Each structure stands twice: as structure tokens, then as C-alpha cells.
Student: 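Input: one structure, supplied below.
So you know, we letter chains A, B, ... as the sequences are listed, proteins then strands, and number each from 1. Quick caveat: nothing in here was measured; it's all calculated off a predicted structure.
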Protein chains: 4
Amino acid sequence: MKATRSAAAPPEEGHTASSPAPAKSRRTAGKRNAVATRQRILEAAMAEFAEHGFSGSRIDRICAAADVNVGMIYHYFGNKNDLYLAALESSYKIIRDREQSLDVNDADPLLALRALIELTFDFLSTDPHFVRLIMNENLMMGRTAQRSATIPHMTRPLLDSLRTILKRGQKEKVFQKNIDAENLYVSILGLCFIHVSNRHTLSSMFQRDFAEPDWLAQRRLIVVDVVTSYITDKAGK
Amino acid sequence: MKATRSAAAPPEEGHTASSPAPAKSRRTAGKRNAVATRQRILEAAMAEFAEHGFSGSRIDRICAAADVNVGMIYHYFGNKNDLYLAALESSYKIIRDREQSLDVNDADPLLALRALIELTFDFLSTDPHFVRLIMNENLMMGRTAQRSATIPHMTRPLLDSLRTILKRGQKEKVFQKNIDAENLYVSILGLCFIHVSNRHTLSSMFQRDFAEPDWLAQRRLIVVDVVTSYITDKAGK
Amino acid sequence: MKATRSAAAPPEEGHTASSPAPAKSRRTAGKRNAVATRQRILEAAMAEFAEHGFSGSRIDRICAAADVNVGMIYHYFGNKNDLYLAALESSYKIIRDREQSLDVNDADPLLALRALIELTFDFLSTDPHFVRLIMNENLMMGRTAQRSATIPHMTRPLLDSLRTILKRGQKEKVFQKNIDAENLYVSILGLCFIHVSNRHTLSSMFQRDFAEPDWLAQRRLIVVDVVTSYITDKAGK
Amino acid sequence: MKATRSAAAPPEEGHTASSPAPAKSRRTAGKRNAVATRQRILEAAMAEFAEHGFSGSRIDRICAAADVNVGMIYHYFGNKNDLYLAALESSYKIIRDREQSLDVNDADPLLALRALIELTFDFLSTDPHFVRLIMNENLMMGRTAQRSATIPHMTRPLLDSLRTILKRGQKEKVFQKNIDAENLYVSILGLCFIHVSNRHTLSSMFQRDFAEPDWLAQRRLIVVDVVTSYITDKAGK
DNA sequence: GATGAATGAGTATTCATTCAT
DNA sequence: TATGAATGAATACTCATTCAT
């Protein structure tokens with residue numbers, strides 16, 4: 001086994017949690033569809049790992065959710081660790097793909113940046129599964145992400161997009177000169193991540209629900225404001 | 001058990017994770033010291049829970065680290081859940097206490113705000129234990145923080161400090177008018193938290209170490225910049 | 001879990017404690033037989049619970065006796081409590097089934113009654129397992145018997161038999177008029193139960209072995225005498 | 001240690017569960033009363049062992065009930081086994097003493113017998129503690145009763161009383177000739193014991209409460225009837 | 001490909017008992 | 001006499017993984 005690897009083998013068509021297969025007739029069908037079975041397992045695993053973390057996740061629950069036998073998981077994915085790797089990579093793929101749906105060239109650079117921020121905010125806020133999976137992976141010291149060859153690969157286009165936007169904004173003199181794309185992404189991520197990742201402890205602290213639609217709508221505006229205030233700051237050091 | 005409770009019983013002198021007592025000579029000394037034993041367990045638990053999360057933590061490891069028998073944990077803390085509650089509350093107490101060491105009245109409001117940001121940044125970056133504990137608690141849906149009576153209590157002074165700073169800055173016309181203290185704290189936390197919480201996945205993405213002193217020093221300046229740009233933005237919405 | 005339930009799932013062919021399968025060749029035979037495994041566990045559990053009571057029983061000993069892995073018990077029976085329920089129900093089934101082997105209609109009512117008494121006496125005296133299981137269940141306040149749906153169900157035919165016998169004896173004017181079937185059964189049970197249930201304390205009191213065949217044979221006659229004297233008493237109150 | 005022994009050391013004045021000592025001022029009294037402390041422990045132990053059986057009983061609960069420290073139990077009674085022996089002997093002493101309060105010589109032998117039956121019935125029915133203790137001891141194969149020197153000793157007067165009654169009844173030709181005192185006692189005990197010992201399983205079987213006062217009153221009459229029918233049976237074999 | 005019976009190593013928790021003070 | 005901190009052995013239960021069919 002190499003230093004890094006990818007667990008994503010067959011092309012997974014459609015990353016959403018919907019199972020397009022004729023779900024209930026499967027049992028009696030006799031012969032099953034290997035690709036569909038693998039996909040069902042993967043989707044069940046993504047949900048389970050996001051919900052319970054790696055060590056809290058149960059192979060049995062994944063089997064029940066995917067309606068497969070225990071052996072199938074070992075047949076298709078080898079073991080719990082590699083199944084988790086596959087789930088992690090698939091999750092990253094969803095957000096990275098979505099980011100690439102933005103058009104960074106045509107629009108006004110400020111609008112392009114705003115669109116990226118809003119996409120990130122919405123993606124993380126709408127479905128906490130991804131945030132939970134990332135949090136769990138970090139609690140495990142990123143030992144699985146390190147094994148992945150595809151994760152750094154998927155990051156390139158994102159960085160390229162940000163750099164394109166920044167370059168255009170700086171050229172047009174609406175952005176500060178010395179903004180670093182990586183750092184900017186970290187800031188955006190931090191501002192879009194925290195109320196999802198820390199939703200429950202913040203609720204205990206402030207006795208308020210940080211998933212309330214009204215609060216989220218207002219918060220979304222603030223996050224955009226914080227980033228754009230900074231990036232357009234004329235006094236920029 | 002009632003709605004909320006606190007697991008912090010005896011006054012714990014010195015909340016840092018360092019054990020000032022001559023740890024290894026205890027066994028032979030024949031001294032029985034309930035308070036010290038309890039404190040040793042608590043500190044070991046804080047480290048273990050931060051390192052491995054709740055379900056990944058092992059009672060046996062805590063025992064070994066605290067150099068006590070298994071039964072002592074159950075004698076002093078009841079069970080793993082309540083030990084975890086005590087560790088969580090103690091951890092919160094450390095940062096909340098430190099925040100209160102700042103003087104919010106005397107200084108220039110911008111400097112006061114900057115000091116709070118830097119304190120938060122440094123506290124979270126220097127020792128990832130707190131961040132990890134909070135992340136784990138959120139992965140568990142905050143079910144333990146909810147049981148705590150002291151956590152919301154400890155938050156009051158922090159909010160009061162922020163409001164005091166904001167009021168003075170607005171009075172002196174250096175801050176925007178419509179900044180909400182709660183939202184401001186969430187922004188600060190997000191910016192100071194993300195490179196610690198997501199250290200490992202960000203490393204996989206960007207192939208760089210986000211705990212490097214140089215990077216941290218630069219990031220610290222940026223975080224202050226982001227917040228102050230926003231809060232002093234003359235175009236304030 | 002609902003109010004009452006039954007733990008008896010697959011039909012257990014042959015309720016005696018004997019294991020008809022070639023027990024020790026199973027391991028090497030490579031055969032996987034769920035029904036037989038379940039049955040082996042159940043029989044081992046009946047013996048263990050009878051021998052040591054519920055809390056004194058050890059899951060490990062049941063495993064060893066049934067020659068199965070610990071996990072199998074939890075796979076087939078859920079937990080210690082439910083395994084105990086299954087053992088209790090199976091034990092009751094044995095005596096209730098045996099009672100139904102008597103023919104209450106054809107014989108002389110006095111002979112029919114005598115047969116029931118003797119069957120009860122012999123069943124309880126021959127194998128103390130059942131008595132011990134019942135004693136233990138009562139020490140636990142019958143909390144498990146209460147959960148069983150089958151125990152009251154199995155009692156009906158017994159009561160019906162007794163009532164049939166009584167009715168015929170009263171019709172033929174050999175029995176007292178006002179004998180209550182339930183109370184009669186309690187008397188019979190008390191007279192057949194005590195020297196088994198209290199065997200050891202009675203031995204300490206009277207310094208004699210109450211399981212000696214000679215004593216039992218004599219006692220059997222006396223018990224029949226006591227009941228028939230009462231039931232045929234012409235001075236019946 | 002000898003083959004048999006007695007754990008009853010200091011004379012226990014008053015075997016009822018009442019603690020005649022000034023209960024609540026004890027804590028502040030400083031110096032305590034050794035005899036009273038021992039007695040408090042013994043009474044708490046009798047209740048605990050009757051309630052939970054030997055292995056279900058907890059030293060800590062006994063301590064709490066007796067309001068003493070753990071060490072006191074080991075100081076006064078050595079260990080759990082010996083405390084249990086003391087509790088068992090004390091319990092037997094209560095019923096044996098009560099039996100001796102009957103006057104077997106003056107009364108009509110049938111009335112004397114009836115009085116003994118009723119005393120036994122009432123004693124066992126009124127307080128199930130004794131029955132539970134005996135049941136538990138038998139489940140433990142009487143291993144503790146065997147160690148007791150006082151239990152067989154206390155049985156002599158009971159047997160003597162029964163023999164006296166029987167002899168007078170046979171002399172007066174109201175009793176059968178061939179009644180054995182020991183066997184008669186076993187019958188009486190069985191009839192008086194069963195609805196207490198098997199209260200809960202009988203309740204599950206017959207769906208009725210066997211501790212109901214009305215049922216008990218009726219049952220008491222029946223038990224007397226059963227015994228006297230037998231003993232006065234003219235057809236006595 | 002698919003099933004589910006079987007395994008074994010681990011893990012939180014309990015509890016009688018000891019012992020320094 | 002009395003206290004309660006400390007010990008260690010035991011015990012029910014979990015779970016990823018294997019393997020015969």
C-alpha cells in the first residue's frame with residue numbers, strides 16, 4: 001500500500017443521498033447490482049460517520065441502513081477504516097464540485113467573491129453532515145485525510161478560483177494588494193464553519209438556537225460584510 | 001437527575017493541566033489526600049477527553065495518567081459521563097477566567113478589542129486541548145454542555161465585557177453603530193478557531209503545517225485585521 | 001418494551017436438559033446450526049440460573065457449558081435479563097406440559113387427583129432445578145415472570161384440569177362441596193415444594209437429609225394423605 | 001475455626017427492627033455505644049439480606065441504613081459471610097422464641113395445634129423478611145446454616161412442643177396414631193410458607209394478589225382445615 | 001455475489017475488603 | 001472507636017472481523 005491512496009473506485013454517479021435504484025424489490029430480485037450495492041453502502045456510511053464519528057459509528061447500523069449483509073462491506077471496502085476513507089473523499093468531492101460550478105471570470109470580482117462566500121455558508125449551514133465529518137476527521141488528527149490522494153488534488157481548482165478572483169480585484173483596485181488566497185479561504189471557512197461546528201456549545205453559552213432561519217439569514221449578511229470589509233479596506237496594511 | 005447541574009465540587013486551585021504535586025512519591029508516602037486525588041483525576045480526564053473524544057477515551061488510561069485505581073474515578077465522579085461533564089466545565093472555566101483578566105475599561109476600545117482577540121487566538125492556538133474538547137462536545141450534540149449549569153453562567157461576564165468595549169467604541173465614533181456583541185464573538189471565535197479545529201484537514205488540502213510559529217504569527221495579525229476592518233468600516237451597513 | 005412478552009422464539013424440540021446433539025464434534029464439524037446453538041445456550045442457562053440464581057449466574061459459565069462464544073448469547077437473547085426470561089418460560093413449559101399428559105376424564109376423580117399430586121411431587125423432588133428457579137424468581141419479586149405473556153397462558157389448562165376433577169368428585173359425592181381449585185393447587189404445591197425448597201435449612205434444623213429416597217417415598221404417601229383427607233372430609237366446613 | 005459456630009456474641013435485647021437508641025443525636029455524640037452500633041448493623045443486615053439475598057446485598061447499603069462506617073462492619077463482624085450468619089441466626093431466634101410463648105400443656109390438644117398453625121401462618125405472612133431470608137439460604141445450599149451451632153439447638157423446643165401435643169391428642173383418641181412430629185411440622189410449614197415464598201410467581205400464574213387480607217384470612221382457615229382434617233382422620237391409615 | 005453464525009479482544013462499572021489516620 | 005480513601009478482581013456487554021455455506 002502506498003503512502004497515499006484513494007478509495008473511490010467505481011464512478012459514483014450522483015453524490016446526493018438519494019438511491020435511484022428500485023429500493024424495495026431488491027430483496028426478491030435474486031441477482032443484485034454490484035455498483036448499486038456499493039453506492040448504497042457508501043451513502044449509508046457517509047451518513048453514519050457524519051452522525052457518530054468514526055469510532056462511534058457501527059458497521060451494523062451501516063448494514064441496516066444500506067440493507068446489505070455485513071460481509072458486503074468487507075467485500076467492497078475491506079474494513080471500517082477504508083470505508084471511512086471512501087466516505088470522507090466522497091464528501092469532499094461534493095463541496096469541491098459545487099465550488100467549481102461558480103463562474104469566476106465573468107462577474108465583477110466582488111460579486112464573484114460574495115458568491116463563493118455565500119455558497120460556502122449555505123453548503124455548510126444547510127446540511128451539517130459535512131461539517132461533522134470534517135470535525136471528526138480532525139479529532140482523529142487527520143490520519144485518514146493524509147492517506148487520501150484525491151483530497152489535495154481536489155483543492156487545486158478552489159485555490160485557482162480564489163487567486164483568479166483576487167488578481168482581478170487587485171487589478172481593478174477594489175481589493176487590497178496583499179491578500180493571500182490560502183489565508184482568505186481559511187478566514188471564509190472559519191466564519192462559515194463556526195456556528196455549525198459549535199452550534200451546540202454556543203447554544204449552551206448564549207441560550208439561543210444557532211440554526212434558526214432568521215439568525216442564519218442575518219449571520220450570512222454579516223459574514224459577507226466581514227470578509228468584504230477586510231478585503232476592500234483602503235487602509236489595508 | 002435534574003435539568004442542569006454542575007460537576008465541579010471542591011475548589012480546584014490552579015486550573016492548568018500541570019500537576020504541581022510530587023506525583024510519583026505519593027504512592028510510597030502513604031498520604032491520603034482526597035482533594036489532590038480528585039484534582040489529578042480531573043486533569044488526566046481533561047487531557048484524555050481532549051485527546052480522544054468522549055467515546056474514544058479510556059477510563060483505564062485516565063487511571064494510569066492520574067496514578068489512581070479505577071474505583072477512585074467512580075468514587076469521586078460517579079461515571080464516565082459525569083467525569084466528562086466535570087472536565088468540560090473545568091476547561092471552560094480556564095478560558096473564561098483568563099478573559100476576565102483583561103481590563104476593558106481603561107484602555108482605548110480598539111486596543112481592548114484587539115487584546116481580547118489576541119488572547120482568544122493565543123489561548124486556542126497554544127494548546128489545542130480546549131478546541132478538541134469543544135469539537136467533541138459538539139459532535140455529541142452538546143448533550144453534556146446542556147446539563148451544565150455553570151457554562152451559561154460563565155458566559156455572562158464575557159458578553160458584558162464585549163458590550164462595554166462596543167459601547168465605548170461606538171460612543172467615540174471609531175466603531176460601527178450596529179455591531180451585535182454575540183455575533184461579534186462568534187466571528188472572533190470562528191477566525192481564531194478554524195486553523196486549530198481544522199488543522200489536519202487543512203493541512204491535507206493545502207499541504208502545509210498550520211501550527212508552524214511563523215504562519216501563526218502572520219495569521220494572528222490577519223485575524224485582528226479582519227475583525228478591526230469590519231468593526232471600524234465607515235461604510236458600515 | 002411492551003407490558004408482557006415472550007422470549008421463546010424457535011420451537012424447542014424436547015424440553016429436557018439433555019442435549020441430544022453430538023456436542024463436542026460441533027467445533028470441528030464446521031456446521032453452523034443456529035437452532036441447535038440457541039437451544040444449547042438455553043439449556044445451559046436454565047441450569048446456571050437454577051444453580052446460582054439470577055445475579056449469581058455468570059454469562060461466562062453459561063458460555064462454557066453451551067460451548068459458545070459470549071457474543072452468541074447477546075446475538076440470540078439480547079441480554080442476561082432476556083435470557084433469564086427465556087429460561088424461566090422454558091422451565092414452566094416443562095411442568096405444564098407434563099401436567100397435561102394426565103387424563104382427567106377417564107379415571108376415578110380421587111385417582112386423578114392422586115395422580116396429579118404424585119406427578120407434582122415427583123417432578124419437584126426429582127430435579128430441584130425448577131424449584132430453585134422459581135424461588136429465585138420470587139426473591140426478585142417476580143419481576144421477570146410479570147413480563148412473560150406465556151406463563152399465565154400456560155396456567156389455564158392446569159386450572160381447567162383441577163376444576164374438572166373437582167366437579168366430578170363433588171358430583172359423585174366423594175369430595176367436599178366447597179373446594180376452590182386455586183386454593184387446592186396452592187395447598188398441593190406447598191406440600192410438594194417445601195422439602196425441596198427448604199431442604200437445606202430443614203436439614204440444619206432436624207439434622208436429617210430430606211432428599212433421602214426412603215424419606216421421600218414416605219413423604220409422598222403423607223402428602224397424598226393430607227390432601228385426600230381434607231378433600232374427602234365428611235365434616236367439610 | 002470449628003465445624004459449626006455462632007456469630008451471636010453480645011446478647012441482643014429486643015429482636016424487633018426498632019432501634020431504641022437516641023438515633024439522631026448519635027453523630028454529634030462523639031463517643032459511641034459499641035453494643036448499640038453492633039445492634040444497628042445487625043438489624044440493617046437482617047433487612048438487607050432478606051431484601052436482596054446474600055450476593056445481592058451491598059455492604060454500603062447496610063452501612064447507610066445503620067449509619068456507620070464501612071470499617072465498623074469488619075470490626076464487629078469480620079466479613080460479609082459472618083455478618084450474614086449473624087443475621088440468619090437472629091432471624092431464626094425470633095420465630096423460635098415466639099413459638100415457645102405458646103402453652104402446649106394446658107389447652108385442648110386440637111386447640112394447641114391450631115394455635116401453633118395460626119402462629120406460624122401469621123408470622124410468615126405478616127412479614128415476608130423471614131421467608132425471603134430462608135429462601136435465599138436454601139438457594140445457597142444452606143452453607144451458612146450448616147455453620148451455625150445455634151440453629152439445630154433452637155429447633156429442639158419446637159419439636160418437643162409438637163410431640164407433647166401429638167401425644168396428648170393420641171391419648172385422647174382425637175388424633176391419628178401414626179403421626180410423625182417432624183413430618184407434621186414440614187406439612188404445616190409447607191402450607192404456611194408457599195403463598196409467601198411463591199407469592200409473585202403464583203400472582204403471575206393466577207393473576208391475583210396473594211397478599212390481599214381477604215384472601216389471607218380465607219387461606220388461614222383452609223390451612224388449619226387441611227391439617228386438622230388429616231390429623232383427625234378416622235380412616236387414618 | 002450474498003448470508004449470518006461465530007469469534008475474541010476489549011471496556012465501563014461494581015464491590016468486598018484493607019489500611020493509614 | 002471511628003473514618004473514608006484506596007485497591008484489585010470480577011462481570012456484563014460491545015463490536016469489528018472472519019468464514020462456512
Student: In whole angstrom, what separates D/K80's NZ from E/dC15's P?
Tutor: 9 Å

Student: Can you tell me how far C1' of E/dT13 sits from CG of B/D60, to the nearest Å?
Tutor: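 It works out to 11 Å between those atoms.
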
Student: As a test of understanding, state which of B/N79, B/N136, B/T144 forms a side-chain hydrogen bond (donor to acceptor under 3.5 Å, both in side chains) with B/Y84.
Tutor: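 Passing option: B/N136.
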
Student: Let me confirm one number: the OH-CG distance from B/Y76 to B/L42, rounded to the nearest 0.5 Å.
Tutor: 12.5 Å

Student: Looking at B/T37, does any N or O in its side chain come under 4.0 Å of the phosphate oxygens OP1/OP2 on F/dA6?
Tutor: yes

Student: If you compare every side-chain N and O of D/Y74 against the phosphate oxygens of E/dT17 (OP1, OP2), does one of them come in below 4.0 Å?
Tutor: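 Answer is yes, contact under 4.0 Å.
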
Student: Kindly compute the distance separating CG (C/L88) from CG (C/D82), expressed to the nearest 0.5 Å.
Tutor: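 Here the interatomic distance stands at 12.0 Å.
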
Student: Both conditions, 6.0 Å and 45 degrees, for the charged tip of A/R132 above the ring of A/F49: are they met here?
Tutor: no

Student: Calculate, to the nearest 0.5 Å, the distance between atoms OG and CE belonging to C/S55 and C/M140 respectively.
Tutor: 7.5 Å

Student: Classify the nucleic acid contact of C/S57 as base, sugar-phosphate or nothing, counting any heavy atom under 4.0 Å across all strands shown.
Tutor: sugar-phosphate

Student: Of D/G71 and A/G71, whose closest DNA chain E nucleotide lies nearer the 5' terminus?
Tutor: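 Of the two residues, A/G71 wins.
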
Student: May I ask you to verify if any side-chain N or O of A/R58 is less than 4.0 angstrom from the OP1 or OP2 atom of F/dT14?
Tutor: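 So the side chain of A/R58 is outside the cut-off, no N or O lying under 4.0 Å from OP1 or OP2 of F/dT14.
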
Student: Taking for each residue the nucleotide of DNA chain F with the nearest heavy atom, is it B/N69 or A/N81 whose nucleotide lies nearer the 5' end?
Tutor: B/N69

Student: Roughly how many Å is it from CG in D/D67 to P in F/dA2, rounded to a whole number?
Tutor: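 Those two atoms, CG and P, are 11 Å apart.
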
Student: Dot-bracket for DNA chain E, 5' to 3', counting Watson-Crick or G-U wobble pairs under 3.5 Å, with [ ] for crossing pairs and | for inter-strand pairs?
Tutor: .||||||||||||||||||||

Student: To the nearest angstrom, how far is D/N79 atom CG from E/dC15 atom P?
Tutor: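 It is 18 Å, rounded to the nearest whole Å.
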
Student: Of D/Y76 and A/I59, whose closest DNA chain F nucleotide lies nearer the 5' terminus?
Tutor: D/Y76

Student: Please tell me if D/H75 has a side-chain N or O lying less than 4.0 Å from either OP1 or OP2 of F/dT1.
Tutor: yes

Student: Do D/R147 and D/N81 have side chains that get closer than 4.5 Å, going by heavy atoms?
Tutor: yes

Student: For D/H52 and E/dC15, give me the distance from atom NE2 to atom P, rounded to whole Å.
Tutor: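 The distance from NE2 of D/H52 to P of E/dC15 comes to 11 Å, rounded to the nearest Å.
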
Student: Give the rounded distance in Å between these two atoms: CE of A/M72 and C1' of F/dT17.
Tutor: 14 Å

Student: What is the separation between atom CD on B/E48 and atom C1' on E/dA12, rounded to the nearest whole Å?
Tutor: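 Result: 13 Å.
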
Student: C/I73 has an atom CD1; how far is it from atom P of F/dC15, in whole Å?
Tutor: 17 Å

Student: Tell me, please, which residues at least two apart from D/E48 pass salt bridge (Lys or Arg N to Asp or Glu O under 4.0 Å).
Tutor: D/R61

